[in-house]
Participant: 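Next up is a structure, given as structure tokens.
These figures come from a predicted structure and were not determined experimentally. Nothing fancy with the numbering, it's 1 onward along the sequence.
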Amino acid sequence: MTNPLLSFTDLVDFAAIRPEHVIPAIKSRIADADQALQAVTAEATPATWEAVIDPLERKTLKLSRTWGVVSHMMSVMDSPELREAYNEALPLITQFWIKLSQSELSKKYLGIQQSGAFKTLSATRQRIIEQELLEFKLAGAFLPQDKKDTLKAIKETLAQDNQKFSENLLDATNAFELMIDDETQLAGIPADDIASFKETAEAEDKSGYKITLQIPHYIAVLQYAQNRALREKLYHAYVTRASEFDNGGQFNNAPVMKHIVALRRDEAALLEYPHYGALSLATKMAETTDDVVGFLRDLAQKSLPQARIDMAEVKAFAQKHLGIDNPQSWDLPFASEKLREAKYAYSDQEVKQYFTEPAVFQGLFGLVEHLFGINIEAAQAPVWHPDVKFFRIHNQKGEKVAEFYMDLYARANKRGGAWMDNDRVRNRLNGTLETPIAYLVCNFSKPVGGKPALLTHDDVLTLFHEFGHGLHHMLSRIDDPAASGINGVEWDAVEMPSQFMENFAWNWEVIQNLTAHVDTGEKLPRALFDKMIAAKNFQSGMGMVRQLEFGLFDMQLHTSFNVETDEILGLLKQVRDEVAVTDQPDYNRFPNSFSHIFAGGYAAGYYSYKWAEVLSSDAFSMFEENGILDQKTGQKWLTEVLEVGSSRPALDSFVAFRGRKPTIDALLRHSGINVK
């Protein structure tokens with residue numbers, strides 16, 4: 001039987017993949033890569049790019065892609081059988097990468113760097129060598145053998161803990177259901193969301209309405225349900241996911257989190273860093289953890305006065321107009337939406353009717369085609385779910401530039417959130433150009449009632465954000481995989497192209513081409529858009545300090561936190577006392593679902609969102625100066641940022657585009673933060 005994880009030459013046959021394919025494919029790819037590793041690290045192999053790096057990358061790219069497909073399937077089509085295969089393969093893949101990173105390969109890279117031929121390499125390849133040598137150091141390649149073995153064990157266990165955190169959260173989310181028989185209990189919730197509850201129940205041959213903890217359901221209830229008890233019930237279930245309060249503690253992430261933090265501390269100590277925060281920053285733009293904490297606290301100082309005004313306003317409104325004497329966390333989204341309607345005479349639900357999925361995609365594609373000189377067309381490919389769409393990008397010469405998959409809707413066996421990941425990176429390792437392929441994943445509400453899917457404006461911003469990541473990956477012109485697309489880009493700069501794209505979704509020239517009313521086909525009226533702009537920074541102070549809370553909690557968890565004596569919830573309370581304006585109930589267990597830092601790549605790096613937003617806001621201000629749809633500025637962004645990958649430091653790319661170093665002014669202005 002042909003194994004689809006081993007047989008692809010171009011596109012992957014996702015529809016043919018079965019759990020039983022995973023272990024044979026991973027073992028085969030590891031064996032090939034291991035054979036190449038032995039060959040290139042042999043004493044007789046000369047320390048040259050052609051003799052060491054090219055032949056090894058030809059094999060490791062195949063391994064990375066095969067494992068990437070398996071990991072992707074785990075994220076979007078989780079099942080008990082696939083999870084079992086994934087968890088059996090995870091130690092194998094982890095062990096191989098640790099073996100490679102701690103092998104004699106580091107000496108070959110040193111040999112290349114110290115050879116006379118090093119200066120004849122391109123600037124990109126010189127930078128790759130230097131960055132890889134840092135990665136070897138962080139992997140323990142230069143440690144004595146006993147410490148290498150200890151670090152190897154730590155990294156293997158961390159990989160398993162990260163996966164366990166994700167599994168617990170997904171299982172806890174899926175374990176919850178709330179069945180409602182009486183539709184009057186759903187008063188205030190928009191009709192399309194109620195239809196979604198009904199269709200979710202019908203899909204399981206149940207009557208009534210089924211509410212889950214998937215984000216579209218959760219937001220619909222918290223933002224619109226007049227039934228306060230219903231809001232509180234769903235809020236409680238959501239903020240206690242994967243905790244001791246949830247399913248009898250069956251999926252409790254608390255011990256997993258402590259173990260992860262302890263292992264990261266031990267990893268940093270082995271590598272002679274004072275804490276994991278310093279280890280994390282070794283590959284980022286920010287130089288010290290003090291710089292990061294100072295940056296976050298400076299933003300907090302500038303934002304807290306407005307955040308407190310925002311909170312006082314919504315609480316006063318809830319008391320005066322909604323009869324909620326003591327507004328709680330489950331009341332704030334509802335009260336905020338009612339306040340917005342009162343202040344600006346529109347609702348998210350009204351706006352949502354104009355952002356139909358076909359119109360949004362037509363407008364998004366038209367925008368990037370105009371700015372970057374590309375063409376995007378729908379195409380056919382094997383997919384993992386019937387809802388998935390596939391697209392191909394060509395340049396103006398008709399040459400294929402890239403391809404991407406879009407998986408837009410929430411479902412039970414799919415990880416929450418939104419993300420871009422790569423299936424294949426641009427490279428010429430096999431003598432011919434292999435173009436990039438991306439996954440773009442969201443968790444929007446599915447179409448209901450035979451109508452196209454409706455997106456909130458927040459959904460549109462999310463889509464633009466992930467597409468910005470996708471463009472960074474797909475429009476790269478770098479042929480060396482280690483520096484192509486987002487590979488090797490400093491983590492606190494990697495969000496710059498994504499956050500940059502969000503700004504376009506607030507512009508009238510762009511908005512007109514993103515909208516078509518679900519019933520009439522009419523574009524968003526200018527009067528309604530003006531209300532959206534007036535409300536753009538509604539509660540922006542509250543939103544800002546919420547993100548700063550996450551960033552400070554993350555950085556302090558990985559710097560000053562003592563895992564033996566301190567409590568994670570105690571640290572979070574300290575941070576909230578410093579920067580938060582929302583009082584959370586004692587049962588809130590937010591850290592237990594903080595996947596970014598416990599199961600993603602953002603440990604001691606969540607600050608990156610705000611750090612990169614400084615860059616993205618300042619970069620977008622150049623479009624504001626030259627014209628939002630100015631093609632010359634678009635081409636400059638393409639050539640100085642999107643195309644260059646990590647062939648040079650991100651700050652150099654920013655300066656090449658903007659003509660100067662970044663300033664914080666545009667971020668504060670775009671966020672509506674007035675600093676006196």
Participant: Count the heavy atoms of every other residue, nucleotide or ligand shown that sit under 6.0 Å from CD of Q35, and state whether that count exceeds 12.
Facilitator: no
Participant: Taking the side chain from R29 and the backbone from T66, do they hold a donor-acceptor pair closer than 3.5 Å?
Facilitator: no
Participant: I would like to know whether S653 and R648 meet side chain to side chain donor-acceptor pair (under 3.5 Å); could you show each step before the answer?
Facilitator: CA-CA 7 Å; S653 293; R648 63 187 179 195; 2.9 Å; yes
Participant: Should we say atom CD of E272 is surrounded by more than 12 heavy atoms from elsewhere, each under 6.0 Å from it?
Facilitator: no
Participant: Fit a plane to each ring of F391 and F404, take the angle between them on a 0 to 90° scale, and name the class: parallel (under 30°), tilted (30 to 60°) or perpendicular (over 60°).
Facilitator: parallel
Participant: Is there a donor-acceptor contact under 3.5 Å from the side chain of D407 to the main chain of V441?
Facilitator: no
Participant: Tell me whether K414 at atom NZ has more than 12 heavy atoms from other residues, nucleotides or ligands lying less than 6.0 Å away.
Facilitator: yes
Participant: One thing to verify: whether R415 and D78 come together as a salt bridge, which I'm taking to mean a side-chain N less than 4.0 angstrom from a carboxylate O.
Facilitator: no
Participant: Should the ring pair Y276 and H558 be called parallel, tilted or perpendicular, given that the plane angle runs from 0 to 90° and is split at 30 and 60?
Facilitator: tilted
Participant: Could you check whether D480 pairs with R125 (Lys NZ or Arg NE/NH1/NH2 to Asp/Glu carboxylate O, under 4.0 Å)?
Facilitator: yes
Participant: Distance-only, no hydrogens or angles: does the Q131 side chain make a donor-acceptor pair with backbone N or O of G488 under 3.5 Å?
Facilitator: yes
Participant: Measure the spacing between CZ of F561 and NZ of K258 and express it to the nearest 0.5 Å.
Facilitator: 4.5 Å
Participant: Salt-bridge test for D246 and R589: reply yes if a basic N is under 4.0 Å from a carboxylate O, no otherwise.
Facilitator: no
Participant: Has N487 got a side-chain atom pairing as donor or acceptor with A482's backbone, closer than 3.5 angstrom?
Facilitator: no
Participant: I'd like to know if K152 pairs up with E156 as an ion pair, taking the criterion as any Lys NZ or Arg NE/NH1/NH2 lying under 4.0 Å from an Asp or Glu carboxylate oxygen.
Facilitator: yes
Participant: Would you mind telling me which of W491, F553, F594 makes a ring pair (Phe, Tyr, Trp, His ring centres under 6.0 Å) with Y606?
Facilitator: F594
Participant: Given the rule in the side chain to side chain donor-acceptor pair (under 3.5 Å) test, do E167 and Q163 qualify, once you have shown the distances and angles that lead to the verdict?
Facilitator: CA-CA 6 Å; E167 290 176 1; Q163 176 60 16; 2.9 Å; yes
Participant: Step through the shown structure and confirm whether more than 12 heavy atoms of other residues, nucleotides or ligands are within 6.0 Å of NZ on K400.
Facilitator: yes
Participant: Does K107 NZ have over 12 foreign heavy atoms under 6.0 Å away?
Facilitator: no
Participant: With a 4.0 Å cut-off, would you call R392 and E403 a salt bridge?
Facilitator: yes
Participant: Give the ring-plane orientation class for F14 versus Y405, where under 30° counts as parallel, over 60° as perpendicular and anything between as tilted.
Facilitator: perpendicular
Participant: Quick check on side-chain contact (heavy atoms from CB on, under 4.5 Å): which of L263, L270, L271 does E267 satisfy it with?
Facilitator: L271
Participant: Mind checking the NZ-OG spacing from K148 to S103? Nearest 0.5 Å is all I need.
Facilitator: 7.5 Å
Participant: Please check if atom CD in E130 has more than 12 non-hydrogen atoms from other residues, nucleotides or ligands closer than 6.0 Å.
Facilitator: yes
Participant: Taking the six-membered ring of F8, is NZ or CZ of R65 closer than 6.0 Å to its centre and within 45° of its axis?
Facilitator: yes
Participant: May I ask you to decide whether R424 forms a salt bridge with D10, counting only side-chain N to carboxylate O separations under 4.0 Å?
Facilitator: yes
Participant: Could you label the plane-to-plane angle of the H465 and H469 rings as parallel, tilted or perpendicular, counting under 30° as parallel and over 60° as perpendicular?
Facilitator: perpendicular
Participant: Please report whether the ring centroid of Y607 lies less than 6.0 Å from that of Y602.
Facilitator: no
Participant: Report the distance from atom CD of E88 to atom CZ of R83, rounding to the nearest 0.5 Å.
Facilitator: 15.5 Å
Participant: Run the numbers on E57 and T60 for side chain to side chain donor-acceptor pair (under 3.5 Å), then give the verdict.
Facilitator: CA-CA 5 Å; E57 277 202 320; T60 56; 5.7 Å; no
Participant: Please say whether more than 12 non-hydrogen atoms of neighbouring residues, nucleotides or ligands are located less than 6.0 Å from CD in E50.
Facilitator: yes
Participant: Is it the case that over 12 heavy atoms from other parts of the model lie below 6.0 angstrom from the CD atom of E287?
Facilitator: no
